[in-house]
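Here the structure comes first, spelled out in structure tokens, and everything after it is commentary.
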Amino acid sequence: MLSNGILSAQLTDGHRDLRARAADHFTPQWLDKWRTSPDGHLRRETWQDLAANGFMGVSLPRELGGQGLGLLGALVLGEALAGARDGGIALAMHVQNEIACEWLVSARDEALRDRYLPGLTTGDLVACQCDTDPSPEEPTTATTEGDQVVIHGRKKFVINGATADLCFVSAVLDGAPAIIAVEKTTPGVRVAEVYDKLGTRSVDSALVEFDGVRVAAGQVVSRSGISQLMRWNRVMSRMRLLIAADAFFTHRALLEHITGYVRGRSLGGRPLGAWPVNAHALARARAHQELMEAGIADAYLRVTAGGSTVPEIAELKWFCVEKANELAVLATDLEGGAGYMWDSPSLRAHAQLRGFRMSGGSQTTMLTIANHSMACRAELELAPAGAEGARRG
């Protein structure tokens, strides 16, 4: 996508250098070296290694300790990370580089930024984003008490949750949404559970509890209002675009694998891929891949132009992840008995894609955002000219 596709003309020498270095670096062998155990998550010191090799803060401005390669740099890095064949490392890097760093870069409080951002770019600090409450009836809440904020709640399925030093916690602060930076060592913060997952196992996912946690009021990174909403939408749209790209990279590698497999595997005296039912299914997968690539390029151009992209990127994330999952199901079936074995490339890809379904918002959430947007557009289109609430030119 980035070497001979729509976005290739956007690449600078810095992007090409990053691509070459990262492609050589991120291999299954590299990942095995840094796991806590076979199929385990990354060791804590991996983050310093990533920084030492120039893979942290890729999209950040140079004056803030980054490499100045923007969102395109994050896409270049994501493409290389796919070579490790475990989507967890990509998700972990997105949270660190694109969510945590973005909260600090866009914060009004320069002291807060200067306190934490250097550690994130050097790998001395690892961050997590704590979003998912156990249920709508159990929201994470915070109240202001003098010059402190007191937090109560639990957050599930937190990427980097067990490893992280710094938590960015979404909470209802004095009745309104907010993001609060909380150091893991603060009294009352506890990792209650580290989940055992099907895929994306190179990154830990944890249940993190906040029991009467007290932090300075200055640790509130963002609070209610249009500014908070715009920042939240920008952060999540970037994350969802990168996950859509991760699904595309997985789909591309899987399609190459299974196409080669069905050419060499015979059934009934002819190659498995020559049977019309299989040929047609793989042709649809190739068409989906082209649509993914075009959609990702279009979304990138929209985001970098500063346009409104929340529903469009939600739709894109849904489409890329959904179609990649469909190919993974087909590929495991085409492999027959081998597709049921854990060393099957198709089954491994399927496991990674299950993780992408939930990260950055579930597939159900993506459809809800897209459907709400379409309903609003339809209502505007149907409103009579000059009617209350009609579209104004």
Side-chain angles (χ1 to χ4, degrees), residues 26-42 78-91 157 194-205 243-293 318-359 362-364:
F26 293 109
T27 65
Q29 293 75 29
W30 171 85
L31 185 57
D32 289 342
K33 173 185 174 182
W34 290 102
R35 287 186 186 271
T36 53
S37 61
D39 269 342
H41 55 74
L42 295 171
E79 186 170 32
L81 289 168
R85 299 179 191 167
D86 187 307
I89 177 62
L91 295 176
F157 316 128
V194 180
Y195 298 108
D196 188 15
K197 302 180 295 181
L198 173 64
T200 64
R201 295 177 65 89
S202 62
V203 59
D204 69 76
S205 295
I243 294 172
D246 293 335
F248 167 81
F249 300 138
T250 303
H251 185 282
R252 184 178 62 185
L254 183 55
L255 184 57
E256 181 180 357
H257 159 72
I258 200 61
T259 299
Y261 179 88
V262 297
R263 285 174 182 163
R265 182 80 172 181
S266 295
L267 178 68
R270 57 176 165 171
L272 189 60
W275 289 88
V277 64
N278 298 328
H280 293 164
L282 293 174
R284 283 195 300 273
R286 284 189 288 273
H288 291 154
Q289 185 165 297
E290 292 180 5
L291 288 171
M292 289 182 201
E293 182 173 357
W318 177 88
F319 180 81
C320 292
V321 174
E322 201 71 16
K323 297 309 172 184
N325 269 272
E326 288 178 9
L327 177 60
V329 172
L330 172 66
T332 53
D333 285 347
L334 287 172
E335 286 188 352
Y340 187 58
M341 303 299 126
W342 188 231
D343 61 354
S344 158
S346 301
L347 187 60
R348 289 272 182 166
H350 196 188
Q352 308 315 311
L353 289 161
R354 294 301 303 180
F356 295 161
R357 292 184 70 88
M358 300 306 301
S359 301
S362 69
Q363 292 293 85
T364 302

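Nothing fancy with the numbering, it's 1 onward along the sequence. Just so it is clear, the structure is predicted and the values come from calculations on it, not from any experiment.
Atom-to-atom distance recorded for Leu353:CG and Asp246:CG is 9.5 Å, nearest 0.5 angstrom. For the atom pair Leu330 CG and Leu255 CG, the distance stands at 9.5 Å (nearest 0.5 Å). Rounding to the nearest 0.5 Å places CE of Met292 at 8.5 Å from NZ of Lys323. To the nearest 0.5 angstrom, Leu81 atom CG is 6.0 Å from Ile89 atom CD1. Distance check, rounded to the nearest 0.5 Å: CZ of Arg201 to CD of Gln352 gives 10.0 Å. Atom CZ of Phe248 is separated from atom NE2 of His251 by 9.0 Å, given to the nearest 0.5 angstrom.
Without hydrogens or angle criteria, Gln363 side chain to Trp318 main chain gives a donor-acceptor distance under 3.5 Å. Using modelled atom types, one side-chain atom of Trp275 and one backbone atom of Leu267 make a donor-acceptor pair closer than 3.5 Å. Of the possible polar contacts, one joining the Lys197 side chain to the Val203 backbone as a donor-acceptor pair under 3.5 Å is found. Remark: the backbone N or O of His41 is paired with a side-chain donor or acceptor of Thr36 at under 3.5 angstrom. Side chain of Arg35 to main chain of Gly40: a donor-acceptor pair is present (N/O by atom type, distance under 3.5 Å, no hydrogens or angles).
Checked against Ser202 for a side chain to side chain donor-acceptor pair (under 3.5 Å), the options Asp32, Asp39, Asp86 give a single hit: Asp86.
Of all the heavy atoms in Ala84 and Leu31, the pair that sits closest is O-CD2, 3.7 Å. The two residues Pro28 and Gly83 come nearest to each other via the heavy atoms CD-O, 3.2 Å. Listed here is the closest heavy atom pair of Ala244 and Cys320: O-CB, 3.6 Å.
Annotation: salt bridge (charged side-chain N to carboxylate O under 4.0 Å, His left out) contacts involving residues 260-285, sequence neighbours excluded, are absent.
Between Tyr195 and Phe157, the ring planes are tilted. Angles from 30° to 60° get that label. Between Phe26 and Trp30, the ring-plane angle classifies as perpendicular under the 30° and 60° cut-offs.
Note on Arg348 versus Asp343: no salt bridge recorded, every NZ/NE/NH1/NH2 to OD/OE distance being 4.0 Å or above.
Side chain to side chain, Glu335 and His257 meet the donor-acceptor criterion of an N or O pair below 3.5 Å.
No side-chain heavy atom of Asn278 sits under 4.5 Å from any side-chain heavy atom of Val262. The shortest distance between side-chain heavy atoms of Arg357 and Asn325 falls below 4.5 Å. Here the side chains of Leu254 and Gln289 are not in contact, with every heavy-atom distance at 4.5 Å or above.
With sequence neighbours left out, Leu347 forms a side-chain contact (heavy atoms from CB on, under 4.5 Å) with Thr332, Trp342, Ser344.
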